[in-house]
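Below you'll find the structure I mean.
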Amino acid sequence: KINGQWHVFEVIVACETNLISHLETCFIASQAVAAVIVVAPQKSMLDGLKRLVESAPTLSPFASRLFFEPVETFMKELSL
């Protein structure tokens with residue numbers, strides 16, 4: 001929580017079937033979420049996840065608040 005707003009990490013391991021509903025809950029059902037970072041275990045998954053999210057018209061107003069990162073970004077930060 002930063003400045004009264006939540007910054008959420010959505011970690012995708014093997015199943016992205018509920019990703020859209022999770023993001024809709026973050027942005028539409030709640031006004032408290034400032035940004036969401038979708039974390040994928042493999043860099044190769046990122047384009048597909050972006051396309052999936054971009055295909056949901058309900059999420060288009062929130063595109064500037066959605067970010068996509070491979071897990072290795074965080075592993076490097078944590079020196080793991």
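Heavy-atom basis, side chains included; hydrogens, waters and symmetry copies ignored.
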Residues 60-69, side-chain donor-acceptor partners within the protein, below 3.5 Å, at least two apart:
unit_1 : atom_1 : unit_2 : atom_2 : d
S60    : OG     : P57    : O      : 2.9
R65    : NE     : A34    : O      : 2.9
R65    : NH2    : V33    : O      : 2.5
E69    : OE1    : T73    : OG1    : 3.2

Can you give the donor-acceptor pairs under 3.5 Å from side chains of residues 24-31 to other protein atoms, not counting sequence neighbours?
unit_1 : atom_1 : unit_2 : atom_2 : d
E24    : OE2    : T58    : OG1    : 2.5
T25    : OG1    : S21    : O      : 2.9
S30    : OG     : A32    : N      : 3.0

If a pair satisfies ring pair (Phe, Tyr, Trp, His ring centres under 6.0 Å) and one of its residues is in residues 33-60, list it, with sequence neighbours excluded.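 Matches after skipping sequence neighbours: none remain.
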
Donor-acceptor list for residues 35-55 side chains, cut-off 3.5 Å, not counting sequence neighbours:
unit_1 : atom_1 : unit_2 : atom_2 : d
S55    : OG     : L52    : O      : 2.6

